[in-house]
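Reading through the structure tokens given below for one structure.
On a predicted model such as this, the values are computed, not experimentally measured, just so you know.
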Amino acid sequence: MEQAGTVCEPGNQESPSSIVGLDIGGSKTRGIHWVDGALQADAEAGSANVQNVSRAEAAANLRELFGTLAAEKVSRVYAGSGGVDTDEDAAALAALIAPCAPEARITVVHDTRLLLAAGGADTGIAVIAGTGSAAWGVNADGAQSRAGGWGYLLGDEGSGYWFGREAVRHSLHRMNLDLPPDRLTSALLTKCGLQDPGELIAHFHGGTGRRYWAAMSPLVFTAAVEGHRESLAMIDRAGKDLAALAAQCAAQLKISGPIVLGSGLGMHQPPLQETFRTHLAAAGLTDVHVLAQDPIFGVLKLAFG
């Protein structure tokens, strides 16, 4: 499966010395400005992913970010984003970026490509476990494969949003069984500013979004450390589902790795890393790495090889 991507080339065709890399996630957009390979500025703004915010908000967040980066004369922009599922998606995002860098050559790809490059690999499989989840891989012949990445209404298993939603489902199930709130439910109610599990239903459907519930995911990991059985089971299920995404790509591409796990949960939650490795090992896949640097640092490898 060929991954969506686009290159927008206005007037500037010279070899770039000034480049902006963008990592556009469901919760935020990170930008880095390099000049001749030296980091000039590193900043964050709100999400520019139009699956999560309006086009107007995405454009405003990009303007804010480019202003902070002081990158008015940038000659190249390389952006990785979730939600880039077609060439049309990539072209639409490039059009949002273009007013911020009118002289730049703009390349837009799915954010899994940043992750694999940041892991130092030219071939292999990248697995995102952040606000959302997805896997993408490429083999030595250039064949590509993708698994998941369909968005929170259709999938995103093992993502931050998935953990938040599962915590709500767990709490409502206990309520239906006339069981008192346990440690996970109590922590969730406190974080949401609610008194009773029944209030979670209206709260969940009443305008709280994907990012809000993804921010609840640490509650599950804290409860798991305290021995909460259901939270431990959620983490194991997440690791199993993420491993299945990677294994699907590996089978389609006929490769065994490397498999690189990254993004917020993937990089910073050792219990999830452990169960991810365990389930992959059961499938005979042991060349597994946790990303040691943020995906945005894959931009330079992608842009300049």
Item to check | Steps toward side chain to side chain contact (heavy atoms under 4.5 Å, CB included) verdict (Leu188, Met216) | outcome: CA-CA 7 Å; Leu188 183 64; Met216 301 297 168; 4.1 Å; yes

Checklist entry - Step by step, would you call His170 with Asp182 a side chain to side chain donor-acceptor pair (under 3.5 Å)? => result CA-CA 10 Å; His170 163 79; Asp182 61 4; 2.7 Å; yes

Checklist entry - Hey, mind stepping through Leu69 and Leu65 against side chain to side chain contact (heavy atoms under 4.5 Å, CB included) and telling me if it holds? => result CA-CA 6 Å; Leu69 293 174; Leu65 183 61; 4.1 Å; yes

Item to check | Steps toward side chain to side chain contact (heavy atoms under 4.5 Å, CB included) verdict (Ser18, Arg76) | outcome: CA-CA 7 Å; Ser18 175; Arg76 188 161 187 189; over 6 Å; no

Checklist entry - After noting the C-alpha distance and the side-chain angles of Cys100 and Arg63, does the key distance pass the side chain to side chain contact (heavy atoms under 4.5 Å, CB included) rule? => result CA-CA 6 Å; Cys100 301; Arg63 286 195 299 272; 4.0 Å; yes

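Checking Asp141, Ile125, Asp287 one by one against Ile255, the side chain to side chain contact (heavy atoms under 4.5 Å, CB included) holds for a single residue, Ile125.
The distance from atom CD of Gln252 to atom CG of Asn139, rounded to the nearest 0.5 Å, is 11.0 Å. Atom CG of Asp36 is separated from atom CD1 of Ile19 by 11.5 Å, given to the nearest 0.5 angstrom. With rounding to the nearest 0.5 Å, the separation of OG in Ser186 from CG in Leu219 is 11.0 Å. Atoms CG and CG, from Leu116 and Asp111 in turn, are 12.5 Å apart once rounded to the nearest 0.5 Å. To the nearest 0.5 Å, atoms CD (Glu166) and CD (Glu230) are separated by 12.0 Å. Atoms OG1 and CZ, from Thr222 and Arg183 in turn, are 11.0 Å apart once rounded to the nearest 0.5 Å.
No side-chain N or O of Gln40 forms a donor-acceptor pair with one of Trp34 less than 3.5 Å apart. Between the side chains of Ser159 and Ser133, no donor-acceptor pair of N or O atoms lies under 3.5 Å. His110 and Ser81 are not linked by any side-chain donor-acceptor pair at a separation below 3.5 angstrom, with hydrogens and angles left out of the test. Checked by atom type, the side-chain pair Asp241/His279 shows no donor-acceptor distance below 3.5 Å.
Partners of Glu199 by salt bridge (charged side-chain N to carboxylate O under 4.0 Å, His left out), not counting sequence neighbours: none found. For Leu179, the side chain to side chain contact (heavy atoms under 4.5 Å, CB included) test picks out Arg174, Leu177, with sequence neighbours left out.
Proximity of Phe66 to Val77: side-chain heavy atoms (C-beta onward) are separated by under 4.5 Å at one or more points. With contacts defined as side-chain heavy-atom distances shorter than 4.5 Å, the pair Thr29/Asp23 does not qualify. In this structure, Arg105 and Tyr78 have side chains that are not in contact, with every pair of non-hydrogen atoms separated by 4.5 Å or more. For the pair Val220 and Leu184, the minimum side-chain heavy-atom distance is below 4.5 Å. Within the 4.5 Å cutoff, the side chain of Ile201 has no heavy atoms near those of the Val168 side chain. The shortest side-chain heavy-atom distance between Ile296 and Leu22 does not fall under the 4.5 Å cut-off. Proximity of Leu242 to Glu157: side-chain heavy atoms (C-beta onward) are nowhere separated by under 4.5 Å. Annotation: side chain of Pro181 is in contact with side chain of Pro197 (closest heavy-atom distance under 4.5 Å).
When ring centroids are compared, Trp213 and Phe163 stay outside the 6.0 Å threshold. Remark: aromatic rings of Tyr212 and His203 are close, center separation under 6.0 Å.
Gln144 contributes no side-chain N or O that, together with a main-chain N or O of Trp136, makes up a donor-acceptor pair within less than 3.5 Å. Of the possible polar contacts, one joining the Asp196 side chain to the Gly198 backbone as a donor-acceptor pair under 3.5 Å is found. A donor-acceptor contact shorter than 3.5 Å is absent between the side chain of Asn176 and the backbone of His173. Here the side chain of Arg277 pairs a donor or acceptor atom with the backbone of Val288 at under 3.5 angstrom. Between the side chain of Thr286 and the backbone N or O of Ala281 there is no donor-acceptor pair closer than 3.5 Å. The closest donor-acceptor contact from the side chain of Asn49 to the backbone of Gly25 lies at 3.5 Å or more, if one exists at all. Formation of a donor-acceptor pair under 3.5 Å by the Glu44 side chain with backbone atoms of Gly31 is not found in this model. Between the side chain of Ser263 and the backbone N or O of Gly266, no donor-acceptor pair lies under 3.5 Å.
Criterion: ILVMFWY side-chain heavy atoms under 4.5 Å apart, direct or through other members. Under it, Leu285 and Leu253 are part of a common hydrophobic cluster. A continuous path of ILVMFWY side-chain contacts below 4.5 Å connects Leu114 to Leu300, so both sit in one hydrophobic cluster. No continuous path of hydrophobic side-chain contacts links Met267 to Leu280 [ILVMFWY only; heavy atoms under 4.5 Å]. Linking ILVMFWY side-chain heavy atoms closer than 4.5 Å, directly or via other members, places Val53 and Ile24 in two distinct hydrophobic clusters. In the hydrophobic clustering of this structure, Leu291 does not group with Phe276; members are Ile, Leu, Val, Met, Phe, Trp, Tyr whose side-chain heavy atoms approach within less than 4.5 Å, directly or through other members.
One finds a salt bridge joining Arg210 and Asp156 here, because a Lys/Arg side-chain nitrogen approaches an Asp/Glu carboxylate oxygen to under 4.0 Å.
Ring geometry, Tyr161 versus Phe204: the interplanar angle falls from 30° to 60°, so the pair is classed tilted.
Contact between Ser231 and Ala224 at its shortest, heavy atoms only, is CB-N, 3.8 Å. The minimum heavy-atom distance linking Cys249 with Gly137 is given by the pair SG-N, 4.3 Å. Counting all heavy atoms, side chain and backbone alike, Leu272 lies closest to Gly239 at CD1-N, 3.7 Å. Nearest approach of Gly158 to Ala238, heavy atoms of both residues: CA-CB, 3.6 Å. Across Thr112 and Ala126, no two heavy atoms sit closer than the pair O-CB, 3.3 Å. Residues Ala58 and Leu96 approach most closely at CB-CD1, 4.1 Å, considering heavy atoms.
When the shell of 6.0 Å around CD of Glu274 is examined, it contains 12 or fewer heavy atoms from other residues, nucleotides or ligands. Sparse packing is recorded around OH of Tyr152, with 12 or fewer heavy atoms of other residues, nucleotides or ligands lying under 6.0 Å away.
Taking Ile, Leu, Val, Met, Phe, Trp and Tyr as hydrophobic and joining them when side-chain heavy atoms fall under 4.5 Å apart, one finds Leu154 in a cluster with Trp150.
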